[in-house]
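Here's the structure, in C-alpha cells; my notes come after.
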Amino acid sequence: MAERTVTVTDNTTGKVVELPVLEGTNGPRTIDIGKLYKNLGYFTYDPGFVSTASCDSQITYIDGEQGLLRYRGYPIEQLAEHSTFLEVCYLLLHGELPNKDKFDAFENRLKTHTLLDEKMRRFYLGFHNNSHPMAMMVATVGAMSAFYHDQIDVHDATSRETAAYRLIAKVPTMAAWVYKYTVGQPFIYPDNRFDYVTNFLYMMFGLPPVNYRPSPSFVRAMDLILILHADHEQNASTSTVRLAGSSGANPYAALSAGISSLWGPAHGGANEAVINMLEDIVQSDKDVNYYIERAKDKQSQFRLMGFGHRVYKNYDPRAKIIREVCHQLLGELGEDNPNRPLFDTAMELEQIALEDDYFIQRKLYPNVDFYSGIILRAMGIPLNMFTVIFALARTVGWISHWKEHMSDPQARIGRPRQLYTGEDQRNYVHIDERD
Ligand code: SDX
C-alpha cells in the first residue's frame, strides 16, 4: 500500500514537505515529524503533549473517547475479573499471559528478591517519623542504585530483566517498611509462604506478637486496586521514567524520578487529595454545591480532585470497575461507620457533577483516583500511603516501559526543543552602570 503522507506547506516561503503517516494496531495515526525541522526549519509546539506521541509502544492501549484500557491487548475489565496482580505483572513485563509453569517460575524467582540489603534499614532511620511516605519512597528506591548500580548493564537484556524482578519484588517490602517507620512499629520481613499481595499486607499490618493474616476479601480488594493501577500508557510518571532512562541512567534512579512525578496531586497524588477534599467538605459549613461552584470558578484555584483526565473524555474504565466495588462497600457500611459522611459526600459530589453542564461540556468524569481514595480509606489504609500503593502498582508499568525503551535498538536520548520567548541578544553592563 502506498505510504500515506501529509503535506505541510509554508505559506510564507511556499516550501512544501511530505511527512510520513505511521499507523499502529489501534488508535489515531501519527505524523512522523522527525524531518520537519531539517526540511522546513520548524519545531512543533505542544506543551503538555496533548497531541504528541513520544514513542511507539506495545504495552498498553487507551482509547479516551470510548473509555477503553487494555494491557497487552487484554481489556482491563477481563483482567480485573479473572486475573491477579502478579499475573498482570508477568503480562506487562513479558507480553503474554503465562502458563502455570511460567507463572510458578516467575513467582518463585520474585521470592528470591523480596529482601532488602540489611544496610538499607538505616536509610529509614534518617527520616522524621512524620515524613511523607512518598518522600521516603523516592529516596529509598533511588538508593537502590547505591546497592545495585555496578551490577546493572542497561544495554544487556538479562541485566535489565534482573533489575525489573528486583524492583517488582522489593518495592512491596520498601512500601510496607515506609509505613512501619511512620507508625513506629518494627519492620516485618517478607514471608515467602504468602502470595505477593498477601505478603505486602502482612508486612504492612503484621506485628511480631500477633499472628496477623489479611482477610481474603482484603487481599482481593488490594489485588484489584493494584491491577487497575499497574500501567497507563505514557502518563506523566511513565514518561518521566522513559526520559530519565533514555540517558542510560540505571532503572532504580529512573523509577525514583517516576515516583517523584507520580506524587503530584494532578497525577497519582490525587487519591490522597480526593480524601482531603472530601474531609474539608464534610467538616465545612458549606454544602457540596458550594464546592462545585468553586471548581467552576476560574478565579479559584480549586479543582474537584478525582475528576477529569487528559485522555479519558468518557468514563475512566478503571473508575467504572472500582465504582462498583465502592458502592458495594458503601452498602455494607453501617450508618454509624465513621467514614459514612465522607462516602455519602463523595456520592453526592459524583451525582451533582455528572449532571452539571460545566463538567458535561468539558467531559470531566470521575477518574480512578476518585474511587480508589474511597476504597483505600474504607480498607483502613492510612491516607499518606495511598500514593505509595499507587507507586507499588505502577512499578511494573514503569519498569516494563523502561525495558521496552532500552530494548529498542533505535532508542535515543529524549531531548525536546522549545519555543524561546526570552530576551533577544543584549550586551553585558557593568554593575556600576546599572540602574
Ligand atoms: C491520574 O495521565 C494518566 O494516565 C494519569 C493516570 C494514570 O493512571 O497514570 O490516569 C492517573 O493522574 C488521574 C488524574 C488524577 N488527577 C486528578 O484527579 C486531579 C484533578 N484533575 C485535573 O487537575 C485535570 O483534570 C487533569 C490534570 C487530570 C487533566 O488536566 P488537563 O488534561 O490538562 O485538562 P485541563 O486542565 O486543560 O482542563 C480542561 C478544562 C479546563 O477548563 P477550561 O479552561 O476549558 O474552561 O477542564 C477544567 C479545566 O479548568 N478542569 C477541571 C478539572 N479538571 C479539568 N475543572 C474542575 N475540576 C477539575 N478536576
Side-chain angles (χ1 to χ4, degrees), residues 22 24-27 30 49 52-64 69-74 76 79 85-96 106 137-138 141-142 144-145 152-171 226-264 267-268 310-311 318 368 387 390-416:
L22 306 177
T25 316
N26 305 116
T30 61
F49 311 117
T52 295
S54 60
C55 61
D56 54 85
S57 177
Q58 300 176 351
I59 299 173
T60 291
Y61 175 65
I62 302 175
D63 182 315
L69 168 58
R70 300 179 194 140
Y71 293 161
R72 300 286 189 179
Y74 293 96
I76 192 68
L79 295 170
F85 176 65
L86 200 60
E87 185 178 72
V88 163
C89 285
Y90 185 99
L91 173 65
L92 288 169
L93 202 56
H94 295 296
E96 297 295 337
F106 179 67
M137 286 300 288
V138 169
V141 170
M144 285 176 78
S145 14
I152 172 91
D153 172 359
V154 297
H155 301 294
D156 170 71
T158 306
S159 184
R160 287 197 294 268
E161 185 165 279
T162 301
Y165 278 56
R166 272 204 179 102
L167 279 156
I168 294 169
K170 291 182 194 305
V171 167
L226 298 180
I227 289 173
L228 296 180
H229 288 79
D231 193 48
H232 213 237
E233 194 215 68
Q234 304 308 323
N235 58 84
S237 54
T238 300
S239 299
T240 300
V241 171
R242 276 183 173 256
L243 193 58
S246 72
S247 70
N250 75 65
Y252 310 104
L255 261 77
S256 176
I259 295 171
S260 300
S261 169
L262 184 76
W263 194 3
H267 189 12
R310 170 61 59 76
V311 175
R318 303 165 298 177
V368 66
T387 313
F390 195 150
L392 194 172
R394 191 53 59 87
T395 291
V396 64
W398 288 330
I399 202 65
S400 298
H401 281 273
W402 171 80
K403 192 163 160 272
E404 183 177 64
H405 178 90
M406 296 310 289
S407 315
D408 176 357
Q410 308 302 319
R412 305 170 70 189
I413 187 168
R415 205 279 185 214

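Because the structure is predicted, anything quoted here is derived from the model rather than measured.
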Tell me if the CG atom of Asp156 is crowded by more than 12 foreign heavy atoms within 6.0 Å. yes
Can you list the steps and then say if Leu93 with Ile168 is a side-chain contact (heavy atoms from CB on, under 4.5 Å)? CA-CA 10 Å; Leu93 202 56; Ile168 294 169; 3.8 Å; yes
Give, for atom [atom1] of [X] and atom [atom2] of [Y], the distance between the pair rounded to the nearest 0.5 Å.
{"X": "Gln58", "Y": "Ser400", "atom1": "CD", "atom2": "OG", "result": "12.5 Å"}
{"X": "Phe390", "Y": "Leu262", "atom1": "CZ", "atom2": "CG", "result": "5.0 Å"}
{"X": "Thr238", "Y": "Leu255", "atom1": "OG1", "atom2": "CG", "result": "9.0 Å"}
{"X": "Leu92", "Y": "Ile399", "atom1": "CG", "atom2": "CD1", "result": "12.5 Å"}
{"X": "Ile62", "Y": "Asn26", "atom1": "CD1", "atom2": "CG", "result": "12.0 Å"}
{"X": "Leu392", "Y": "Ile259", "atom1": "CG", "atom2": "CD1", "result": "9.5 Å"}

Kindly indicate, with the supporting measurements, whether the criterion side-chain contact (heavy atoms from CB on, under 4.5 Å) is fulfilled by Ile59 and Arg72. CA-CA 5 Å; Ile59 299 173; Arg72 300 286 189 179; 3.6 Å; yes
Check whether any side-chain heavy atom of [X] lies under 4.5 Å from a side-chain heavy atom of [Y], and answer yes or no.
{"X": "Leu69", "Y": "Thr60", "result": "yes"}
{"X": "Met137", "Y": "Val171", "result": "yes"}
{"X": "Thr240", "Y": "Ser260", "result": "no"}
{"X": "His94", "Y": "Phe106", "result": "yes"}

Can any side-chain N or O of [X] pair as donor or acceptor with the backbone N or O of [Y] at less than 3.5 Å?
{"X": "Ser145", "Y": "Gly142", "result": "yes"}
{"X": "Ser247", "Y": "Leu243", "result": "no"}
{"X": "Ser261", "Y": "Ala257", "result": "no"}
{"X": "Tyr74", "Y": "Leu79", "result": "no"}
{"X": "Ser256", "Y": "Val141", "result": "no"}
{"X": "Thr162", "Y": "Thr158", "result": "yes"}

Do you know which two heavy atoms are closest between [X] and [Y], and how far apart they sit?
{"X": "Ser237", "Y": "Arg394", "value": "OG-NH1, 4.3 Å"}
{"X": "Ala411", "Y": "His405", "value": "CB-O, 3.2 Å"}
{"X": "Arg412", "Y": "Ser246", "value": "O-CB, 3.7 Å"}
{"X": "Phe85", "Y": "Ala230", "value": "CE1-CB, 4.0 Å"}
{"X": "Tyr90", "Y": "Glu96", "value": "CD2-O, 3.1 Å"}
{"X": "Gly397", "Y": "Asp231", "value": "CA-OD1, 3.3 Å"}

Filter on salt bridge (charged side-chain N to carboxylate O under 4.0 Å, His left out), then keep only pairs touching residues 232-252, sequence neighbours left out; what's left? Arg242-Glu404
side-chain contact (heavy atoms from CB on, under 4.5 Å) between Trp402 and Arg160, intermediate numbers included: CA-CA 9 Å; Trp402 171 80; Arg160 287 197 294 268; 3.4 Å; yes
